[in-house]
Enquirer: 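Below are the structure tokens for one structure; questions will follow.
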Amino acid sequence: MSLTFYLDKGASLGRDAPCLVTDELVLSYGEVVDHSHAVAAALARAGVRAGDKVAVLSGNDPVAFATVFGIARRGAVWVPINPRNAAAENRELLELFDCVALFHAPAYADLVAEIAPDLPRLHTVVPLAELAAWLADGGPAYDATPPDDTVLIVGTGGTTGRPKGVQLTDRNLETMTAIVLMSYPFTGRPVYLAMAPLTHAAGVLCFPVLALGGQIVVMPTPDAGAFLANVARHRVSHTFLPPTVIYQLLGHDDLPSTDLSSLECFWYGAAPMSPTRLAEALDAIGPVMAQLFGQSEAPMMISTLSPAEHFRPDGTIAHERLASAGRPAPLV
């Protein structure tokens with residue numbers, strides 16, 4: 001099973017259903033599936049083989065994220081590159097991970113031009129602005145990936161030294177997806193709002209949503225007011241933000257008047273959340289706050305705290321639990 005399983009599972013529930021959405025663009029499941037086949041074929045023509053590392057350097061962008069599934073169809077390994085890194089750090093990571101191909105957003109053209117000459121293994125560089133031309137004349141051509149092959153390499157934070165690459169397999173992501181679906185509420189086809197970077201937790205949380213035929217609303221730039229507007233406009237059911245951004249929401253003038261009734265699960269994690277602010281969020285946003293903790297080596301989840309576990313049986317807030325790291329996740 002590869003990353004494409006989640007996309008294909010969602011497509012089986014309706015190829016015409018919206019898959020990746022922004023204010024300017026709507027890509028259906030069928031369009032993303034077709035795009036992934038075209039990317040796989042073009043990578044094959046470019047000499048990218050199964051097991052090769054292919055990087056994506058982009059902010060939150062639906063076409064960039066759709067391209068990830070083409071990398072998977074080719075049997076290659078997706079390497080998300082953090083666009084907030086300095087040029088030297090990204091050059092070091094691309095070299096460390098032995099990347100042979102790179103897709104990049106227009107905003108990072110100068111950065112790529114600066115570092116690419118120092119990366120002799122990087123033989124294919126594709127600007128996303130020129131992707132349509134690069135994909136021309138392609139047909140399905142990719143290698144199947146066995147269940148335990150590496151599908152994703154993520155960079156660690158480098159807290160105690162230089163960043164390292166964590167290799168994640170199909171089975172890692174299958175387990176993560178199962179834990180998410182077991183531990184948190186889902187009703188029907190979810191609508192997931194991604195404002196946090198898709199290169200991190202917000203990206204891998206897309207996979208359980210896709211498996212249910214859900215819709216992913218992609219925000220290219222972080223903006224608390226636009227986030228609230230998108231929740232109401234798209235009837236968002238699931239989202240993820242780190243605590244510092246949730247604090248911004250709690251102080252936003254539009255929060256009291258925004259319709260948040262569609263929310264089922266508002267994940268917070270990546271850092272501890274102040275118990276006082278969490279209690280405020282449970283009042284202001286609703287009984288939907290859901291804690292998750294993981295790490296690059298064990299992506300979502302090591303521990304969980306579901307929305308219901310934030311409350312006592314009588315419906316009052318369980319203040320004694322709000323400083324907890326939750327309970328060990330199922331399958332951990």
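The first residue in the sequence is number 1, and the count goes up from there.
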Enquirer: Is the number of heavy atoms from other residues, nucleotides or ligands within 6.0 Å of CD (Gln295) greater than 12?
Expert: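 Check passes, neighbour count above 12.
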Enquirer: Would you call Cys206 and Leu198 a side-chain contact if the rule is heavy atoms closer than 4.5 Å?
Expert: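 Heavy-atom side-chain distance check passes, below 4.5 Å.
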Enquirer: Carefully, step by step, assess Arg121 and Asp52 under the rule salt bridge (charged side-chain N to carboxylate O under 4.0 Å, His left out).
Expert: CA-CA 11 Å; Arg121 291 180 177 152; Asp52 281 346; over 6 Å; no
Enquirer: Strictly distance-based, threshold 3.5 Å: is any side-chain N or O of Ser303 a donor or acceptor partner for the main-chain N or O of Ala325?
Expert: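 Confirmed, Ser303 side chain pairs with Ala325 backbone.
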Enquirer: Could you check whether any side-chain heavy atom of Val77 comes within less than 4.5 Å of a side-chain heavy atom of Ile71, counting everything from C-beta outward?
Expert: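 When only atoms from C-beta onward are counted, Ile71 and Val77 do not touch, as no gap falls below 4.5 Å.
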Enquirer: Within the distance-only criterion (no hydrogens, no angle test), does the side chain of Ser237 pair as donor or acceptor with the backbone N or O of Val191 below 3.5 angstrom?
Expert: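 Yes, Ser237 side chain to Val191 backbone: donor-acceptor pair under 3.5 Å.
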Enquirer: For the backbone of Val236 and the side chain of Ser262, can you confirm whether one donor and one acceptor N or O come within less than 3.5 Å of each other?
Expert: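 The answer is yes, because a donor-acceptor pair under 3.5 Å joins these two groups.
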Enquirer: Name the atoms and distances for all side-chain donor-acceptor pairs under 3.5 Å in residues 212-220, with sequence neighbours left out.
Expert:
none

Enquirer: May I ask you to decide if Ala298's main-chain N or O and Asn172's side chain share a donor-acceptor pair within less than 3.5 Å?
Expert: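 A pair under 3.5 Å: no.
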Enquirer: Is Trp134 reachable from Phe65 through a run of hydrophobic residues whose side-chain heavy atoms are each under 4.5 Å from the next?
Expert: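 Yes: a chain of side-chain contacts under 4.5 Å links Phe65 to Trp134.
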Enquirer: CZ of Arg15 to CG of Asp34: how many Å apart, nearest 0.5 Å?
Expert: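 Arg15 atom CZ to Asp34 atom CG measures 4.5 Å (nearest 0.5 Å).
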Enquirer: Is there a continuous path of hydrophobic side-chain contacts, each under 4.5 Å between heavy atoms, that joins Met289 to Leu255?
Expert: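 Yes, one cluster joins them.
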Enquirer: State whether the side chain of Thr169 and the backbone N or O of Arg171 hold a donor-acceptor pair below 3.5 Å, judged by distance alone.
Expert: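 Answer holds: yes.
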Enquirer: Measure from the side-chain N and O atoms of Thr150 to the backbone N and O of Leu152, and report whether any donor-acceptor pair falls under 3.5 Å.
Expert: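 It does not hold such a pair.
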Enquirer: Is it the case that one hydrophobic cluster holds both Leu27 and Val56, taking links as side-chain heavy atoms less than 4.5 Å apart, direct or via other members?
Expert: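 Shared cluster, yes.
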Enquirer: Surrounding CZ of Arg327 (heavy atoms of other residues, nucleotides or ligands, distance under 6.0 Å), is the total greater than 12?
Expert: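 At most 12 heavy atoms, drawn from other residues, nucleotides or ligands, come within 6.0 Å of this atom.
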Enquirer: Measure from the side-chain N and O atoms of Tyr247 to the backbone N and O of Ser274, and report whether any donor-acceptor pair falls under 3.5 Å.
Expert: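 Present.
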Enquirer: Check step by step if side chain to side chain contact (heavy atoms under 4.5 Å, CB included) holds for Tyr268 and Leu278.
Expert: CA-CA 10 Å; Tyr268 64 93; Leu278 178 53; 3.2 Å; yes
Enquirer: So do the side chains of Phe227 and Gln248 get within less than 4.5 Å of each other, counting heavy atoms only?
Expert: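 In short, these two side chains do not touch, never coming nearer than 4.5 Å.
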Enquirer: Say whether, by atom type as modelled, one donor and one acceptor occur between the side chain of Thr239 and the main chain of Leu193 under 3.5 angstrom.
Expert: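 Yes.
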Enquirer: Are the side chains of Phe311 and Leu282 in touch, meaning some heavy atoms are under 4.5 Å apart?
Expert: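 Contact flag for Phe311/Leu282 side chains = yes.
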Enquirer: Taking side chain as C-beta onward, heavy atoms only, is Phe240 less than 4.5 Å from Leu292?
Expert: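 The answer is yes, as the side chains (C-beta and beyond) meet within the 4.5 Å cut-off.
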Enquirer: Specify whether Trp267 and His238 have parallel, tilted or perpendicular ring planes, treating 30° as the upper limit for parallel and 60° as the lower limit for perpendicular.
Expert: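 Trp267 and His238: tilted rings.
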Enquirer: How long is the span from the CE atom in Met182 to the CG atom in Leu331, to the nearest 0.5 Å?
Expert: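 Taking CE in Met182 and CG in Leu331, the distance rounds to 4.5 Å.
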Enquirer: Answer yes if Leu102 and Val54 sit in the same cluster of Ile, Leu, Val, Met, Phe, Trp and Tyr residues linked by side chain heavy atoms under 4.5 Å apart, and no otherwise.
Expert: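 The answer is no; the residues belong to distinct hydrophobic clusters.
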Enquirer: Measure the CG-NE2 distance between Leu20 and His35 for me, rounded to the nearest 0.5 Å.
Expert: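 Taking CG in Leu20 and NE2 in His35, the distance rounds to 9.5 Å.
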Enquirer: Can you tell me which residue among Thr22, Val26, Thr67 is in a side-chain contact (heavy atoms from CB on, under 4.5 Å) with Pro62?
Expert: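 Exactly one option meets the side-chain contact (heavy atoms from CB on, under 4.5 Å) with Pro62, and it is Thr22.
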Enquirer: Any non-hydrogen side-chain atom of Val63 less than 4.5 Å from a side-chain atom of Phe103?
Expert: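 No; the side chains remain at least 4.5 Å from each other.
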Enquirer: Hey, does the side chain of Tyr192 reach the backbone of Ala202 with a donor-acceptor pair shorter than 3.5 angstrom?
Expert: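 It does hold such a pair.
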Enquirer: Working to the nearest 0.5 Å, report the span between CG of Leu305 and CZ of Arg321.
Expert: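 The distance works out to 7.5 Å.
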Enquirer: Is it true that a side-chain atom of Asn90 and a backbone atom of Asn82 form a donor plus acceptor pair closer than 3.5 Å?
Expert: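 Yes; judged by distance alone, with no hydrogens or angles, the pair exists.
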Enquirer: Determine whether Ile285 and Leu250 satisfy the following criterion, side chain to side chain contact (heavy atoms under 4.5 Å, CB included), listing intermediate values before the conclusion.
Expert: CA-CA 8 Å; Ile285 296 174; Leu250 293 174; 4.2 Å; yes
Enquirer: How long is the span from the CE atom in Met273 to the CG atom in Leu322, to the nearest 0.5 Å?
Expert: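 So the gap between those two atoms works out to 9.5 Å.
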Enquirer: Test of understanding: with ring pair (Phe, Tyr, Trp, His ring centres under 6.0 Å), list the residues that count as partners of Phe293, not counting sequence neighbours.
Expert: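 Not a single residue meets the ring pair (Phe, Tyr, Trp, His ring centres under 6.0 Å) criterion with Phe293.
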Enquirer: How long is the gap from OG1 on Thr304 to CD1 on Ile179, to the nearest 0.5 Å?
Expert: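 Reported to 0.5 Å precision, the distance equals 8.5 Å.
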Enquirer: Should Val204 and Leu7 be regarded as members of a common hydrophobic cluster, given that ILVMFWY residues are connected when their side-chain heavy atoms come within less than 4.5 Å of each other, either directly or indirectly?
Expert: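 Val204 and Leu7: one cluster.
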Enquirer: Could you tell me whether Glu320 and Arg312 make a salt bridge, using a distance below 4.0 angstrom between a side-chain N and a carboxylate O?
Expert: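 So Glu320 pairs with Arg312 through a salt bridge.
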